[in-house]
Amino acid sequence: MGRVVIDKEKCKGCFLCVDVCPKKILKKGTNYNSKGNYTVYVDDPNNECFGCALCAKRCPDMAITEVYR
Amino acid sequence: MGRVVIDKEKCKGCFLCVDVCPKKILKKGTNYNSKGNYTVYVDDPNNECFGCALCAKRCPDMAITEVYR
Amino acid sequence: MTKTAEKVLLKGNHAIAKAAINAGCQCYFGYPITPQNEIGEFLSVEMPARGRVFLQAESEVAAINMLLGAASTGTKAMTSSSSLAIALMQEGISYIAADNIPAVVVSVMRAGPALGYIFPSQGDYFQTVKGGGNGDYKTLTLAPATVQEMIDYTYKAFYLAQKYRTIVFLLADGLLGQMMEPAVLYDYPYEEIDNSDWALDGAKGRPGRWIGSIHRSEEVLEKKVLELFKKYDIIKQNEIEYKTLYAEDAEILITAFGSVARIAQAAVKQAREAGLKVGLFRPITLWPFPEKELYKFATGKKLILDIEMNMGQMLEDVKMSVSGQAKVEFYGRPAGFYFTPEELLEEIKKQMEGLK
Amino acid sequence: MTKTAEKVLLKGNHAIAKAAINAGCQCYFGYPITPQNEIGEFLSVEMPARGRVFLQAESEVAAINMLLGAASTGTKAMTSSSSLAIALMQEGISYIAADNIPAVVVSVMRAGPALGYIFPSQGDYFQTVKGGGNGDYKTLTLAPATVQEMIDYTYKAFYLAQKYRTIVFLLADGLLGQMMEPAVLYDYPYEEIDNSDWALDGAKGRPGRWIGSIHRSEEVLEKKVLELFKKYDIIKQNEIEYKTLYAEDAEILITAFGSVARIAQAAVKQAREAGLKVGLFRPITLWPFPEKELYKFATGKKLILDIEMNMGQMLEDVKMSVSGQAKVEFYGRPAGFYFTPEELLEEIKKQMEGLK
Amino acid sequence: MAVKESSLIISGYGGQGVLFIGMAISNCAMDEDKYVTWLPSYGAEMRGGTANCTIVIANEEVASPYQQTPDYVIALNAQSVEKFEMKIKPGGTLIVNSSLYKGHEKRTDINYLYIPANEIAAKIGEIKCANVVMLSAFIEKTKIVKIESLKKVIRNIISASKAKLLEINELAIQKGSEYIKLPVCH
Amino acid sequence: MAVKESSLIISGYGGQGVLFIGMAISNCAMDEDKYVTWLPSYGAEMRGGTANCTIVIANEEVASPYQQTPDYVIALNAQSVEKFEMKIKPGGTLIVNSSLYKGHEKRTDINYLYIPANEIAAKIGEIKCANVVMLSAFIEKTKIVKIESLKKVIRNIISASKAKLLEINELAIQKGSEYIKLPVCH
Amino acid sequence: METLVFQKPSSIQKDCNVTFCPGCDHGVAIRIIAELLDELNLVEKTIVVSSIGCSVFLNDYYNLDIIEAPHGRALAVATGVKRSKPDKFVFTYQGDGDFASIGLGESMHGLSRGEKVTAICINNTNYGMTGGQMAPTTIIGQKTTTTINGRDPNLQGYPIKICEMASICDGAAFVARCSLDSSKEIENTKKMIKKAFESQINNQGASLIEILSTCPTNWKLSPQEAHKRIREELYPVFPLGIYKDKTSK
Amino acid sequence: METLVFQKPSSIQKDCNVTFCPGCDHGVAIRIIAELLDELNLVEKTIVVSSIGCSVFLNDYYNLDIIEAPHGRALAVATGVKRSKPDKFVFTYQGDGDFASIGLGESMHGLSRGEKVTAICINNTNYGMTGGQMAPTTIIGQKTTTTINGRDPNLQGYPIKICEMASICDGAAFVARCSLDSSKEIENTKKMIKKAFESQINNQGASLIEILSTCPTNWKLSPQEAHKRIREELYPVFPLGIYKDKTSK
Ligand SMILES: Cc1ncc(C[n+]2csc(CCOP(=O)(O)OP(=O)(O)O)c2C)c(N)n1
Ligand SMILES: Cc1ncc(C[n+]2csc(CCOP(=O)(O)OP(=O)(O)O)c2C)c(N)n1
Ligand code: SF4
Ligand code: SF4
Ligand code: SF4
Ligand code: SF4
Ligand code: SF4
Ligand code: SF4
Ligand SMILES: [Mg+2]
Ligand SMILES: [Mg+2]
């Protein structure tokens, strides 16, 4: 049981987090944030996230600001 | 049978040549040249020099200008 | 000068690079720095394509010394850089000057001091014209104001370098380097200078030559410096260049160089249209500075208004030249803010008020 | 200033080193170069003996940057060098200036340009006073003329550096560095300046501090430069220093700095003995140059005769200051030949002839 | 003859071809024997993802290629509108890519011209031509240079080998200028 | 008060203690509240094996520590004579270590003073004291400073621990000055 | 109940805005350093020496005392800082161009002198900030804006091997090369930096961590492709590993 | 009949006056280089790059084309010379301070780039010309005018190992350390320089010969004692030998 907090304004849409998530619950978004970047979003209907924080540790922009378990 | 030509004005009296001569025929002089340096001289009464040129190759001042054999 | 070729839209940095190629520059050494990277990037393609040398040095210190080495063989060579990185070249520049080696250094100024930023600026007038290397030497300095002049004065820089066996600076700024403007890239118009009497090429059939600056006797060293300055006197006599606009009958004479001169020129025109007697004196050779010429034009004026993109650097040469013949005022901003002609016109009007 | 200690025969370079120690200099970084090696050699023994830092850098580029690092922590620190090696420090100097870091640089001039030789010279006035680093900045410059003044102005250099958070040059030459003269090594007479509001010491219980020169916005960068120049204005108001001798009623006013000033002083005395109305104006702060003061003294004079051990460098500041109020002539030799008072007297007489 | 100078800033995100159309209109001006300068934003500034260039066209040598208060701004994306809307000279015009900006007009002393450039470009099958659409519309509107010049310039730039690309760009010019000619958009 | 300045160059080969006696006489002058400067030849120049220093003693601040035409030259070896003989001011004096120089006088407008310093020093058992012998003779001859000052200075420089060395130096001073007092050497 | 297992390190600015290009590894390096400062309790005694390159804006990220070193001079500046304040913790953060091109002299001398500082060198095999020119670390065949046909050893010579050269320096206590191309390597990089930091804390000498890092913008690759390039093209030329370790001795 | 078995090489100045101190090995290095120029028939195509140090007056000895490089920049100057005149033969003659202290960056980069030039570095473990200060090569414990108690690694760090570092540079074709302390080593040094020169002639890359050499004046030793010091104190720290040889490949 985990949860991630994403600051979309900081997300630059590199989608590196998408690749590392073992549960494949991070998805490439198609919306821009105010800076004109596509952003990532969480799609975790089954609560699969287990707070491994791999995504946060991969994110170069510190856009995944918190991970809970 | 050899012979060395020493330019005493160039000799600085380091006496490195004295040490390398296998025949020990180069001697430390006690006279100054015009630059105030003691100089080396040849003392070869028995014509022992055999022109090995070790002295000339050791001399840092190119003061032994020619060696004949 | 024959201008045979067509007008094309050219970027200032590319204009320099292309002109250098036309001028027969055989070797380029440089280290990346904004806002002049296009020069190196362009030459990294075009020089090898012509069997010439482009070499990215490990630093500006290395670049200026590579230039010293290449130019010492009589090869036309240049480097280009900017501001803080030119600072690192000062020792090498002093050597090139002392050694009477012809070499071209392109300086595309950015805003300082220190790292500052990549905005255009004119903050390196002192650095270029007054030196910063050690000892008594001078750097012939040409300050273009348009992309066309980037070509014209790159050519001239190579020519004067060879002619006087001296270091020549082409002093531009980020604005001139980055902008595009129509310009004509004509052929190199100057004669080639024979350098077989001094260049190093292996002492074949002649005694060895030594190019160096150390001289153990006061007599010899003094003689060398005096000879250097004799050369500088000849350069002063022959090579001073400047432009004026409405300078004769002006009441207020503006002094400005490089990119600021073109803005000043527009302001002067606007002023004239508004019926104000304003003129422009634009030094093109910053060293030798048109000291006597400015003195002449300044005499009798109500005011000399020096305008620079810095805190007042050429100002000192202006003051020295004017030598009390007129009041001298300064208007300048140091970091990337370009004046508008309107802003300058405002300032002119303000100054005119002040005169009453 | 309390001068409690005894007179001793002191070498100029040692005077600087000893004064630096008394002034509380905690870190010295330097690279060998004649004619200032005694400073480093002395400190290599005395600094570690006091638990302070002596470090021979791998180059002058490294030395100036070590100085930048050490001084950024609020530590009193200095480097010393000469001419061509100072040239290598120009980038670092621009950084120190831009960063408002207090630091002392001792420059013991030798003859240039380039390698030149180890003879004394004043060929680095431009290098020191006009910069050579990039952008708009100034270097407070003190020019001693005696071994005693090497002490006095080393103290002052440390004080002013701290007081204004600025780079201060002590500009000497091989003559002053190598000579011995009786001098009094009194205690450091200035107050200590608190630097806890800016120095880096690990952000303990406070937000982090950043010392840097990059500013990505024109607005911020311009503001920084304008602030720098506000500081420079205050320095100009407070710290200009100069000396005169018979300057009021002189017909000919000699200008000279550093070691040449002492010779000029003797020449002036001889001239007065010979009934000639000659005076001396000696700037001690080369930047800020005593511009207004010289203007005042120059006004009404028949001639200003500037004398330097170079091809005419301070000359430009003299001309600018005199601003047409009097004729300005120059007498100088570039490389190691020291004038005699008699020689100068000859020149003065010649100039007086010329005035008739 | 009085100096007549028009200044234009073209702005968008990297990849929208901002510098390209800037050079295109500069070339037009040159071909028409006008004085012209083109100045890009450069260096690390570009890393933000936006790019812009300033074009000044005049009947005498251009005073300053750098302009803080342009007569015209062509804004290819929303950020560009935000960056430049307030800087336009009173009486000037902001040309907006209305496909990417839906905001409100903040000024009353400038003109607004909306071009749904992305849609137009998409219609002709090449979204990348939105820039040329914008430029053509701007030229048609202001007549700063001739639309014929633009066609010639584009023809020169895009070499013969890329016939397809040329065709599409020519179409973009046509559509862009047509859009202006339509009564609806005025 | 008129400026009175005397200049002296002391020259010899490295190891003869040229700089040392230069400092000694400078200290004497200082102790007598005179103005004095001492300037060595320095740097790579020294590598040639010769060394020299220039001392200027005056009743006002010394103008220039550097002197091309000194009043006095103390030449400790032959090369020094050659180097400086022609540079001495007319009316000046060349003090020659006659143990090491046998040449002819080249000028008639200066005075020559010959001191067989090596021999004198050898006699007191320490050839290295030739320098002090020369200096003492010079001082005795010119009275530029007091011979008493020299004794004091030497005593201060050579620390107590080196009693033997001090003794021999004092002897050298005595012998040097005595030599001048002898009628023969004038 | 939820537990917080990941958060921003304490020395990262409150509203830190990372301005590197999307997917650039610089940001990861900056974060793990900050985490280590927390873990080793160094935050309040650290003085950072920033350098000139894409990392010049460190002060945008770190809430720490920072001094900006001129291009290439970070180890000289760090030397000055550490010698004047031996009780502080000092690290540099530099690009490969900064460290190994213009700064090679300062870098190798700093290591040879055994300055008690840690150098972090982000090796992205080009000059990122100035637009992707050749760096000393550009590998043979690599295309940059000044080697458009790929680096040719006959014209531009061979890449500098940073760790290999650094390990020759007797003053260096710990030298390692690592990478940020995968989660595993990020973990390992953090371990290596930790060892380097500890060697400084224990006064064992100088330390250097070279980090293979992406520059998607100038490599003209997606962040994902860029990581692949590190594994496929850079690993063979710049093998990962510990090049010197005097810490246990 | 007598045959001339030794004479001054042709490129030595007619009335050459060697101005090094008595017994200084600099003079020997200069002579054997001149001999090799004769042997390899290079005299009329050579451009020498002199440097700043006791060897600055090369033009007093050589009747060759010579350019004086600023302190430490010999390899940069040589690069300029060779790149502009690839058909000439170019060597530098530098001190250890020049090559490895202020010039370390230029030296290592010149080698890494594989410039077709030969660097001769005279390592006398101190700054001869300026009066015997510590050099980057000063060994631990050695007394100099700036390390009067002997070099202390805790204060002044460790000596730079020139050949060891140079051999890391992929552009270097031949790197060797030799000595002039005996007739045998003089012979060997000449052989090594010859190999280096040949590698340049064959366009194989950069070459470096480091020569352990005496400074009797500043070491305060007789020339004889100085040679002994090389054998006893320097050999262990700076082992002689070929450090890199790509010439046969
Ligand atoms: C003396 C000097 N020369 C050149 C520059 C221009 N410059 C800024 S960053 C940089 C290169 C940065 O490359 P690197 O160190 O590899 O860092 P990266 O941007 O790749 O992270 C250069 C050459 C400068 N600022 N100062
Ligand atoms: C930029 C610069 N810094 C310092 C000097 C002073 N300097 C002259 S020679 C020298 C050192 C020479 O040592 P090395 O290279 O080892 O040669 P050596 O004299 O020992 O043969 C130095 C520091 C200089 N000439 N230029
Ligand atoms: S790694 Fe970070 S910046 Fe990249 S997509 Fe994920 S949250 Fe956004
Ligand atoms: S914490 Fe782990 S599981 Fe949850 S989103 Fe991130 S990577 Fe996926
Ligand atoms: S080696 Fe040469 S200089 Fe030394 S003593 Fe022999 S001849 Fe004289
Ligand atoms: S040639 Fe040989 S034998 Fe003859 S003197 Fe020289 S060393 Fe002795
Ligand atoms: S240019 Fe390269 S190194 Fe710099 S921020 Fe962008 S991706 Fe990162
Ligand atoms: S100082 Fe040393 S290296 Fe220089 S010439 Fe004298 S002995 Fe040789
Ligand atoms: Mg990089
Ligand atoms: Mg050496």
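Numbered from 1 within each chain, the chains take letters A, B, ... in sequence-line order. Because only heavy atoms are used, hydrogens play no part in the values below, and waters and symmetry mates are left out as well, while side chains stay in.
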Worksheet entry | Contact class of G:Glu164 relative to chain H, heavy atoms under 4.5 angstrom | both
Practice prompt. Find the distance between CD1 (H:Ile168) and CD1 (G:Ile162) and round it off to the nearest 0.5 Å.
Written response: 13.0 Å
Practice prompt. Can you sort out the partners of H:Glu44 under side-chain contact (heavy atoms from CB on, under 4.5 Å), two or more places apart, ordered by chain and number?
Written response: C:Lys204
Item to complete: Could you have a look at G:Gly114, G:Gly171, G:Ala166, G:Ser167 and say which one has the most heavy-atom pairs with chain H under 4.5 angstrom?
Response: G:Gly171
Item to complete: Determine, stepwise, if the pair G:Lys161 / H:Cys169 fulfils side chain to side chain contact (heavy atoms under 4.5 Å, CB included).
Response: CA-CA 8 Å; G:Lys161 310 256 174 87; H:Cys169 302; over 6 Å; no
Worksheet entry | Closest contact, heavy atoms only, G:Lys116 versus H:Asn154 | NZ-O, 4.3 Å
Discussion item. Within residues 96-113 of chain G, which residues come under 4.5 Å of chain H, heavy atom to heavy atom?
Written reply: G:Ala100, G:Ser101, G:Leu104, G:Gly105, G:Met108, G:His109, G:Ser112, G:Arg113
Donor-acceptor contacts under 3.5 Å from residues 50-57 of chain G side chains, at least two apart:
| residue | atom | partner | partner atom | Å |
| --- | --- | --- | --- | --- |
| G:Ser51 | OG | G:Tyr93 | O | 2.8 |

Worksheet item: If you check every heavy atom in residues 65-90 of chain G against those of chain H, which residues fall under 4.5 Å?
Response: G:Arg83
